[in-house]
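These figures come from a predicted structure and were not determined experimentally. In each ligand, atom 1 is the first atom listed, and ligand 1 is the first ligand listed. Values below: every heavy atom of this structure, side chains too, minus hydrogens, waters and symmetry copies.
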Amino acid sequence: MRFSVEVIGLLTCFLSQAIAAPGKRDLTSFTAAERAIALQGALNNIGPDGVKVPGAGAGFVVASPSKVNPDYFYTWTRDSALTLKMLIDEFIFGNTALQSYIDDYIHAQAKLQTVSNPSGTFLPAGLGLGEPKFQVDGTRFNGAWGRPQRDGPALRAIALMTYSNWLIKNGNSTAAKTIIWPIIANDLSYVGEYWNQTGFDLWEETLGSSYFTIQNQARALIEGAQLAHDLGVTCPGCVQAPEVLCFLQSFWNGEFIVSNINIDNGRTGIDGNSILGPIAIFDIDAYCDSPTMQPCHSNNLANFKVLIDTFRATYAINDGIPEGQGVAVGRYAEDVYMGGNPWYLITTAAAEFLYDAVAQWKARHVLIVDSTSLAFFQDIYPSVTVRQYNSGNANSPFAQIMDAVTAYADSFVAVAEKYIPSNGSLAEQFNRTTGVPLSANDLTWSYAAFVTMAQRRAGQYPASWGSRNAIAPPATCAGTSTTGVYVPAIAAGAPNVTSTCQVNVIFDVNATTYYGENLYVIGDTDDLGVWDVSNSLPMGAGGYTSERPLWSVSAYLNAGEEVNYKYVRQEDCNQPYIYETVNRTLTVPACGSAAITTNDAWDGPVGTSGNCGS
Ligand SMILES: *[C@@H]1O[C@H](CO)[C@@H](O)[C@H](O)[C@H]1NC(C)=O
Ligand SMILES: *[C@@H]1O[C@H](CO)[C@@H](O)[C@H](O)[C@H]1NC(C)=O
Ligand SMILES: *[C@@H]1O[C@H](CO)[C@@H](O)[C@H](O)[C@H]1NC(C)=O
Ligand SMILES: *[C@@H]1O[C@H](CO)[C@@H](O)[C@H](O)[C@H]1NC(C)=O
Ligand SMILES: *[C@@H]1O[C@H](CO)[C@@H](O)[C@H](O)[C@H]1NC(C)=O
Ligand SMILES: *[C@@H]1O[C@H](CO)[C@@H](O)[C@H](O)[C@H]1NC(C)=O
Ligand SMILES: *[C@@H]1O[C@H](CO)[C@@H](O)[C@H](O)[C@H]1NC(C)=O
């Protein structure tokens, strides 16, 4: 097994370097065919007509049709925005049939911004914009989750700004200004106000500061300042851009990018986060030393080598593949989720990152190899030295290095090809030992990531987003903030919500439980899941003692409203839920009232452990 992997590695090397043409043609036809499958795969997961996601509302992107192990049948702000960015670029590259998806997304997101959720309300301070996920019809999700996640508003603004710039170029500034800008303005307000607070990373596990998040926030504010100028409107939060860029520089530790800081979780910080960020802020017009940290930046190249070599040593399917050859890439070496495996979207992102860098060097006609990036280049072009390489003819060292990096990129696509099943479907992960697809099937983000990689491989680059307009970061960083302005985007279909007044209600219930049993509050309002147990409020047993079997949860409910509610027990071993027999009522006090606490005792049948775990 190991021997044959090495043989394949050598063969790939031979094909791509000695007889490049046939190998390339094969990869090119594979990429073109898979790109079409991937685009359709993404569209199949978008409401209201996506064939794999019945029940999804218009413009809502479902993460995956998978409803069990794992249940990804929700809409995430991040995944949706990255998918729409891909669709908007496809539209701009000429696929005009995609415009209706873009219009649906605009209307869906305008409404979604105003939905109260466990991260908070839209008014007065935009807190609800940090909520990572919602039901596929755009209603709130109440379950326990890693929240807030502060990349969502930035990514949504970036997708919508890309479309707005196209509208401006095509004589439709009015729509950009009156319909779309109000949505963008809320998201940029959120970024300008909260960029310097911790949140969960893109993998929803780590509460700290994430390279991917900060990098996209910087792009959003820089691009937002330019768009506001072009539309004749203001973006107060955009003045934070230099400070966000300043903070972005601090993720580099001299050897690699520590993807999560302001946290100590015992991990190295070497994480696929650090290549997904650069490809999301790729600008074909950027300089490689831009503080926006482009793919061709020396720090990112050095980090790329450290990251990829980490996975070279982590997964059995990468055994024997030498440095300078593509491997299967996952989230981070310490990952245990679903066994900790390579992901399709990160493996193709590695290729995209390299295609981006090559495009930038070619566009600038120059490559500067420095002591930071030297080791990256040595793996693929051993005679490289620290110097400036100017573009030249096909035999010039510059051209040879470009070919070597491109071949390196292709080798990651070849790895993806090897582990993509013959029908072209893309799950989330593939087994680190066998390469068999794993976890959620038909993951929308996997499809979107394949298409953006295929765009770059085919030489399709989105128009510049204006990275050259970035104001240089100050010499000393400061954690500043601009108070946001939040207004429902009514022209795009948002309801005219006025300030939502909510009052803190603490649900306390005495309920003796066995180890493994859980409690929820359920009721007849959106906040309490409208009697849908999968959307009820999870309670905590942090105050449970032998004197008092207390289960508790703190909620915010609409002032003055009458609520019907009860408690539910979740049993172990897949036994059915047990509901209280009583129906309880409470009247939330008037706006401005202090918190109230229920003092309830369980009223109904109790359960017993199924003892399946022992
Ligand atoms: C302008 O763009 C909006 C939003 O996509 C669209 O609904 C409208 O039809 C466009 N108007 C024109 C004249 O193209
Ligand atoms: C806030 O910004 C300062 C200055 O860049 C930085 O040192 C600090 O870690 C940041 N904190 C968070 C939570 O973003
Ligand atoms: C991956 O494959 C190995 C070998 O067949 C198996 O033991 C392991 O359980 C698989 N991992 C997952 C998460 O299914
Ligand atoms: C495609 O192949 C995968 C892996 O063999 C399989 O799980 C999936 O069901 C197939 N999809 C379709 C639509 O046939
Ligand atoms: C939204 O509601 C407020 C308060 O009721 C009202 O003053 C305002 O005119 C409404 N805006 C629109 C566009 O209907
Ligand atoms: C009482 O609770 C049940 C759920 O257990 C719910 O279906 C029903 O609508 C409730 N009745 C009232 C009057 O709220
Ligand atoms: C819950 O338990 C505490 C402590 O034993 C007790 O003071 C309180 O009255 C109980 N609440 C109800 C509703 O029984």
Look at the rings of [X] and [Y] and say which category their plane angle falls in: under 30° parallel, 30 to 60° tilted, over 60° perpendicular.
| X | Y | result |
| --- | --- | --- |
| Tyr577 | Tyr520 | perpendicular |
| Phe430 | Tyr419 | parallel |
| Tyr315 | Phe311 | parallel |

For Ala541, which residues count as a side chain to side chain contact (heavy atoms under 4.5 Å, CB included) partner, sequence neighbours excluded? Tyr544, Trp551

Would you call Glu131-Arg147 a salt bridge at under 4.0 Å N-O? yes

Look at Arg35 together with Glu90 and state whether they make a salt bridge at an N to O cut-off of under 4.0 Å. yes

Atom pairs and distances, ligand 7 N/O vs protein N/O under 3.5 Å:
from     : atom 1 : to     : atom 2 : distance (Å)
ligand 7 : 2 (O)  : Asn510 : OD1    : 3.3
ligand 7 : 2 (O)  : Asn510 : ND2    : 2.4
ligand 7 : 2 (O)  : Arg548 : NE     : 3.4
ligand 7 : 11 (N) : Asn510 : ND2    : 2.8
ligand 7 : 11 (N) : Asn599 : OD1    : 3.0

Number the atoms of ligand 6 from 1 as they appear, then name those within less than 4.0 Å of a heavy atom of Asn564, with their elements. 14 (O)

Which of the numbered atoms in ligand 6 are under 4.0 angstrom from any heavy atom belonging to Asn583? 1 (C), 2 (O), 3 (C), 8 (C), 10 (C), 11 (N), 12 (C), 14 (O)

Below 3.5 Å, N or O to N or O, backbone or side chain included: is there any such pair between Asn423 and ligand 4? yes

Centroid-centroid under 6.0 Å between Phe141 and Tyr74 rings: yes

Centres of the Trp445 and Trp343 rings: under 6.0 Å? no

Short list, please: which atoms of ligand 4 are under 4.0 Å from a heavy atom of Ser425? 1 (C), 2 (O), 3 (C)

